[in-house]
Structures are given as C-alpha cells and as structure tokens.
Amino acid sequence: WVFGGDGVTIFNPDGSEKKKEIAANDICHEVIGYRGNPEAQTICSFYDVISDGKKYVWAAVTRGVAKIDILDIDTGDVVGSFETCTNP
C-alpha cells in the first residue's frame, strides 16, 4: 500500500502487480484555510497507517482534517472515514 499526494496505490504482497488505484479526489479530504489559503484544496497527507493484517487498514489523515480513513484490506474500498480530535 502506498499513500501519497496522488491518492492510494495498492500492490500485491511482493509489489510486482498493481491491484488498485484510488484517486486523490476519492480518498483525500477537502480543506479550507490550509497554510492561510482561503480557497478549498484537496489535501492528501497521511501520517500514520496501520493494519490488523486480516480485515482493515487504518490511515490517519493530517493537514487541516483530523480523520481516520478505514479501508478494506482485500478490496481497497473505503469502508469508513471518522473524525477524531485535533491529531488522531
């Protein structure tokens, strides 16, 4: 799993095959006021990602949005996105 500015890319376990891409518009969050910019921006900034190795991958989001995204480990589908305190 690669989380970055363009969204999320999921590879098979040995990294030889791309299984799924999730575009930034589908996984990243829109924020207003980031770094003083008054306009809405789509920000892809994940600072911690962890998995239970069985069912889910959790990704903590930063940069103006305090959320945790939860993805299905098998399909890569986003199954939830939950607000947290200032820094999850």
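Source: prediction; values computed, not measured.
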Let me confirm one number: the OH-CG distance from Tyr56 to Asp72, rounded to the nearest 0.5 Å.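 With rounding to 0.5 Å, OH (Tyr56) is 7.0 Å from CG (Asp72).
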Please report the interatomic distance CG(Asp74) to NZ(Lys19), rounded to the nearest 0.5 Å.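 Between atom CG of Asp74 and atom NZ of Lys19 there are 7.0 Å.
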What's the shortest heavy-atom distance between [X] and [Y], and which atoms?
| X | Y | value |
| --- | --- | --- |
| Val49 | Ala59 | CG2-CB, 4.0 Å |
| Asn12 | Ser16 | OD1-N, 2.9 Å |
| Asp77 | Lys20 | OD1-NZ, 2.6 Å |
| Ile73 | Ser51 | CD1-OG, 3.3 Å |
| Ala24 | Gly5 | CB-O, 4.0 Å |

Phe3: which of Asp69, Val57, Ile27, Thr9 passes side chain to side chain contact (heavy atoms under 4.5 Å, CB included): Val57
If you apply the rule side chain to side chain contact (heavy atoms under 4.5 Å, CB included), what do you find for Ile10 with Leu71, and how did you get there? CA-CA 11 Å; Ile10 303 167; Leu71 299 97; 5.6 Å; no
Determine whether Val79 and Trp58 fall in the same hydrophobic cluster, where Ile, Leu, Val, Met, Phe, Trp and Tyr are linked whenever their side-chain heavy atoms lie under 4.5 Å apart.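 Yes: a chain of side-chain contacts under 4.5 Å links Val79 to Trp58.
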